[in-house]
Enquirer: 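One structure, as structure tokens, below. Some questions next.
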Amino acid sequence: MKDIMTAPFLGEMIELTSQMYRLGWDERNGGNISMMLDEAEVSEYLSLDRVLRNIPIGFSAPTLAGRYFLVTGTGKYFRNVRRDPETNLGLFRIASDCKTAELLWGYRDNGRFTSELPAHLMSHMARLTVDPENRIVMHCHPTHTLAMNYVHPLEERAFTHTLWEMSTECIVVFPEGVGVLPWMLCGTNRIGEATAEKMKEFRAVIWGMHGVYAAGKTPDEAFGLVETIEKAAEVFMLTAHLPRINTIRDRELQELAEAFGVAYRKDFLNL
Ligand code: 2HA
Ligand code: ZN
């Protein structure tokens, strides 16, 4: 058995949490990440029949039975993950009852997974129906995206359109737009269900006045989505109070999307 501290998936999780913390996206215990792993890669580092603890997940995840997840811990700070991954992260398998997490490694201080597990696992289930290769769901509180929530209508079409206008790469990076949810109580199955519903259509979902969820096949895809949204939101916040004398026009956004061959939300443009 190889040492789990050398596992590429663990290294990737440490990089993600450290970089997100440094970018100011995850103050204190803000944010959470779930990474779906293949049984074959987990079995190189852990004995699959050595379950440390069973933890109820509080809902049923029927299509995830037997799937493995590396997930940040509840109340844990992203900034501490590198120093002590075994306390701040956990690796578990969803049991055959679909309602229990079988902990194989981590949460060493008797901790448990993020309070946002419903939104994570429900989002994984939703993304897998539209993209069988989806592996990552991440949640964070990027500063400018959050700021924009207070001064811009929380409406999918308008929010997406503004982001697209703020930087040329936006429509290419998220041609399907961004989903938007109103403010809702976090940590509940209800916000999990609402997020998952949006995740069938969008890889990025704004949680009104809270933060963003993003999904992807790889950490780069999910991270890149948040980065691009946050950059556009920053440009918006830097310019929102100034007279706008230039913009990328809708026919130019269309030209871009067509030149890059992406399936974009035509109905989000005024053509
Ligand atoms: O606790 O970000 O949404 C971490 C959070 C909750
Ligand atoms: Zn949050």
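We're numbering straight along the sequence, starting at 1. As the structure lists them, so they are numbered: ligands from 1, and atoms in each ligand from 1.
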Enquirer: Between the side chain of E197 and the main-chain N/O of E193, is any donor-acceptor distance below 3.5 Å?
Expert: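 A pair under 3.5 Å: no.
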
Enquirer: Answer yes if L225 and M36 sit in the same cluster of Ile, Leu, Val, Met, Phe, Trp and Tyr residues linked by side chain heavy atoms under 4.5 Å apart, and no otherwise.
Expert: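 No, L225 does not connect to M36 through the hydrophobic network.
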
Enquirer: Mind checking what residues have non-hydrogen atoms under 4.0 angstrom from ligand 1?
Expert: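 Contacts of ligand 1 under 4.0 Å: N29, G30, G31, N32, E116, H139, H141, H210.
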
Enquirer: Kindly determine whether R93 and Y68 satisfy side-chain hydrogen bond (donor to acceptor under 3.5 Å, both in side chains), including the steps that lead there.
Expert: CA-CA 4 Å; R93 173 177 57 219; Y68 293 79; 2.9 Å; yes

Enquirer: Can you check whether M199's main-chain N or O pairs, donor with acceptor, with R127's side chain at less than 3.5 Å?
Expert: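 The answer is yes, because a donor-acceptor pair under 3.5 Å joins these two groups.
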
Enquirer: Is the count of non-hydrogen atoms from other residues, nucleotides or ligands lying under 6.0 Å from R53 atom CZ greater than 12?
Expert: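 Result for CZ/R53: enclosed.
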
Enquirer: Do side-chain atoms of E230 reach the backbone of H144 as a donor and acceptor pair under 3.5 angstrom?
Expert: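 Answer holds: yes.
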
Enquirer: If you draw a sphere of radius 2.8 Å around the Zn ion (ligand 2), how many protein N/O/S atoms end up strictly inside it?
Expert: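 Number of qualifying protein atoms: 3.
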
Enquirer: Between S18 and R82, does any side-chain donor sit less than 3.5 Å from a side-chain acceptor?
Expert: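 R82 and S18 do have a side-chain donor-acceptor pair below 3.5 Å.
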
Enquirer: Applying side chain to side chain donor-acceptor pair (under 3.5 Å) between K76 and each of N88, D109, T17, report the one that passes.
Expert: D109

Enquirer: Please answer whether the main-chain N or O of G187 pairs with a side-chain N or O of E116 as donor and acceptor at a distance below 3.5 Å.
Expert: yes

